[in-house]
Amino acid sequence: MSILEKTIHLLSELPENQIEVVYHYIQFLTTKQRKFPKKSNHSEKEKALSELKGCVPDTGKSLEEYREERMRERYGVY
């Protein structure tokens, strides 16, 4: 028995409101596939990352330290 046949068998046993939930979930999955195709273009990603290099200075501070510093600068909290 194929997966499709097994799925049809399971769906035939479900109440209609649960079938609607399954249908909407499958619709959601198919829209995600259309928006994000499996084929990825690494050169575009590398280009975008190379453009970001140097935007954030390397101060040797941790993310939390940097965040606290920015909060003090912005709101004057010490």
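Quick note: numbers below take in every heavy atom, side chains included, and nothing from hydrogens, waters or symmetry partners. Every value quoted in this text rests on a predicted model; they were computed, and no experiment measured them. Numbering of residues begins at 1 and proceeds along the displayed sequence.
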Revision key, fill the gap. d(Gln18 CD, Glu13 CD) to nearest 0.5 Å is 11.5 Å

Check your understanding: Which ILVMFWY residues can you reach from Ile19 by hopping between side chains whose heavy atoms are under 4.5 Å apart?
Key ->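 Ile19 clusters with Leu11, Leu14, Val22, Ile26.
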
**Study point:** Side-chain hydrophobic cluster, 4.5 Å single linkage: members besides Ile8
**Key:**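 Reading the cluster by chain and number, Ile8 sits alongside Leu4.
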
Review point. Residues in side-chain contact (heavy atoms from CB on, under 4.5 Å) with Glu5, at least two apart?
Key: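 With sequence neighbours excluded, Glu5 shows a side-chain contact (heavy atoms from CB on, under 4.5 Å) to Met1, Ser2, given in chain and number order.
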
